[in-house]
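To start, the structure under review is shown below, and the notes come after it.
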Amino acid sequence: MAHKIDATARPSGSRWQSRYRAGSILAATALVLGACTGGSDSSPGAGGSADGGGDAGGYPDGPITFVVPFSAGGPTDTVTRLIAEPMAAELGVEIVVQNVEGAGGTVAAEQVANAEPDGYTVLMHHIGMSTAPTLYPDLPYAPTDDFEPIGLVTEVPMTIIGSPNFEPNTMEELLAYVEENIDEVTYANAGIGAASQLCGLLFETATGLDVTEVPYDGTGPALDDLLGDQVDFMCDQTTNTTENITSEAVKAYAVTTPERIEALPDLQTTAEAGLEGMEVTVWHGLYVPGGTAQEIVDALNSALLTALQDENVISSLGDLGTAPVEQDRATPDAHAEHLQSQIELWQPIIEAAGVTAG
Ligand code: MLT
């Protein structure tokens with residue numbers, strides 16, 4: 001099957017910002033500043049390395065912007081906000097979370113690739129960093145060359161879920177229903193390069209079914225529409241779906257891990273449901289622009305390592321079906337190796353499926 005989807009048609013300019021202050025739990029949850037400002041707030045604080053060029057002197061001495069490539073309220077956003085608070089405390093400065101949506105996460109990645117390499121603009125991205133080079137023939141950045149990895153953060157299982165009034169109740173019923181109603185059934189995702197798009201591609205490959213995709217700027221808004229029966233089914237990360245599955249607000253068909261997960265013990269795996277090769281977890285990592293000074297990379301990595309040992313981070317991620325990565329994977333070297341191996345893993349799978357962004 002060959003797909004060509006105009007992923008660049010998605011809106012690319014909407015931005016949300018929230019601020020996380022060192023030592024302030026209230027500030028971490030309350031402030032939302034400048035919705036849809038259309039501008040980037042990545043300038044260093046007074047006395048920061050305004051001339052860029054990787055000068056580490058005195059870093060950090062002003063707010064740091066964490067750029068999230070998908071909508072507020074979605075899985076990437078959730079993970080970012082969870083670690084932003086303890087990282088802000090550790091670094092002793094404010095962290096501003098900014099959602100820069102569009103084109104399956106590539107708009108945000110391009111913005112950070114082109115930002116000053118001064119440590120004040122940091123990208124949180126996921127598995128999409130490794131699939132974009134194959135999906136986007138004209139990708140305006142190179143994931144392995146134009147960034148310095150800071151460290152891996154977490155690996156999140158995905159779940160296949162259906163809208164509350166979607167007819168199928170089991171995976172068997174889902175497959176039969178989709179086959180019978182192939183022209184009507186809709187599958188929500190967050191655009192070409194999103195984890196939900198990759199998971200849908202694996203579903204199509206495993207089942208031979210070619211479903212109609214409805215792209216959003218993130219699975220936060222996609223899940224809202226699914227809950228409202230506007231779209232039929234989707235694949236999404238447990239950080240976004242666990243509560244809706246346990247409260248039975250959505251239909252749940254399978255989890256994409258080799259084993260069942262603790263947060264959703266009754267949910268069968270894709271392998272149990274007979275879907276071959278449909279295992280995927282969504283790894284997340286932090287990046288700064290290429291050319292950033294080693295001292296800055298080290299300072300951010302040290303704060304990340306501390307954040308991943310934070311009790312609130314561990315228990316919140318646990319409730320959402322995941323956990324921080326082990327400390328030896330939250331390093332620049334381990335992250336760089338993982339990125340390279342994931343690019344090599346996904347390239348032939350995507351090429352075989354014939355998917356490109358046009
Ligand atoms: C999001 O944060 O909205 C997701 O990570 C989107 C996706 O990749 O499916």
Side-chain angles (χ1 to χ4, degrees), residues 5 7 10-12 14-18 66-84 97-109 112 122-136 143 152-161 186-204 211 213-227 231 233-244 250 255-256 278 280-287 316-317 320-322 339 342 346 350 355 357:
I5 299 170
R10 299 301 303 159
S12 60
S14 48
R15 290 166 165 84
W16 282 88
Q17 292 186 357
S18 302
F66 275 19
V67 176
V68 173
F70 297 101
S71 309
T76 320
D77 188 69
T78 297
V79 170
T80 307
R81 286 166 201 272
L82 269 174
I83 65 160
V97 174
Q98 183 185 53
N99 300 83
V100 178
E101 303 147 346
T106 60
V107 171
V112 175
V122 177
L123 175 70
M124 168 72 89
H125 208 334
H126 64 19
I127 194 168
M129 197 69 157
S130 64
T131 56
T134 313
L135 290 167
Y136 287 83
L152 296 171
V153 176
T154 182
E155 291 215 42
V156 186
M158 301 196 82
T159 50
I160 306 175
I161 57 172
T186 50
Y187 173 86
N189 68 25
I192 295 255
S196 44
Q197 180 258 335
L198 180 66
C199 191
L201 186 152
L202 296 178
F203 177 85
E204 291 185 332
V211 292
E213 295 171 32
V214 182
Y216 291 78
D217 279 334
T219 50
L223 182 59
D224 287 345
D225 270 9
L226 184 122
L227 285 164
V231 285
F233 79 115
M234 66 189 286
C235 234
D236 196 15
Q237 295 160 64
T238 56
T239 35
N240 212 28
T241 62
T242 300
E243 283 171 17
N244 286 304
V250 296
V255 62
T256 63
M278 226 206 125
V280 59
T281 53
V282 184
W283 55 275
H284 296 66
L286 292 176
Y287 305 80
S316 299
L317 287 177
L320 297 175
T322 183
L339 173 61
Q342 287 278 297
W346 291 112
I350 294 166
V355 183

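Just so you know, residue 1 is the first one in the sequence shown, and it goes up from there. Just so you know, ligand 1 is whichever comes first in the structure, and atom 1 is the first atom listed for that ligand.
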Looking only at distances, can you tell me whether any N or O atom of [X], backbone or side chain, sits closer than 3.5 Å to an N or O atom of ligand 1?
X    : answer
D236 : no
A195 : yes
Q197 : no
D77  : no
S71  : no

Rounded to the nearest 0.5 Å, how far apart are [atom1] of [X] and [atom2] of [Y]?
X    : Y    : atom1 : atom2 : result
T219 : D236 : OG1   : CG    : 3.5 Å
L320 : T78  : CG    : OG1   : 7.0 Å
L198 : I350 : CG    : CD1   : 6.0 Å
E101 : Y216 : CD    : OH    : 14.0 Å
E204 : Y187 : CD    : OH    : 8.5 Å

Protein heavy-atom partner closest to [atom] - residue, atom, separation in Å:
atom                   : answer
atom 5 (O) of ligand 1 : T76 OG1, 2.7 Å
atom 9 (O) of ligand 1 : S196 OG, 2.6 Å
atom 3 (O) of ligand 1 : T219 N, 2.8 Å

Counting from 1, what ligand 1 atoms have a heavy atom of [X] closer than 4.0 Å?
X    : value
A194 : 7 (C), 8 (O), 9 (O)
G218 : 3 (O)
H126 : 5 (O), 7 (C), 8 (O)

| request: With heavy atoms only and a cut-off of under 4.0 Å, state how A190 meets ligand 1: side chain, backbone, both or neither. | output: side chain
| field | Criterion side-chain hydrogen bond (donor to acceptor under 3.5 Å, both in side chains) on T322 and T154, from CA distance to verdict | value | CA-CA 7 Å; T322 183; T154 182; 2.9 Å; yes
| query | Among T134, L135, V280, which one satisfies side chain to side chain contact (heavy atoms under 4.5 Å, CB included) with W346? | reply |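 Among T134, L135, V280, the one that satisfies the side chain to side chain contact (heavy atoms under 4.5 Å, CB included) with W346 is V280.
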| Does a side chain donor of either T159 or T241 reach within less than 3.5 Å of an acceptor in the other side chain? |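 Their side chains do contain a donor-acceptor pair, which is all the 3.5 Å distance test asks for.
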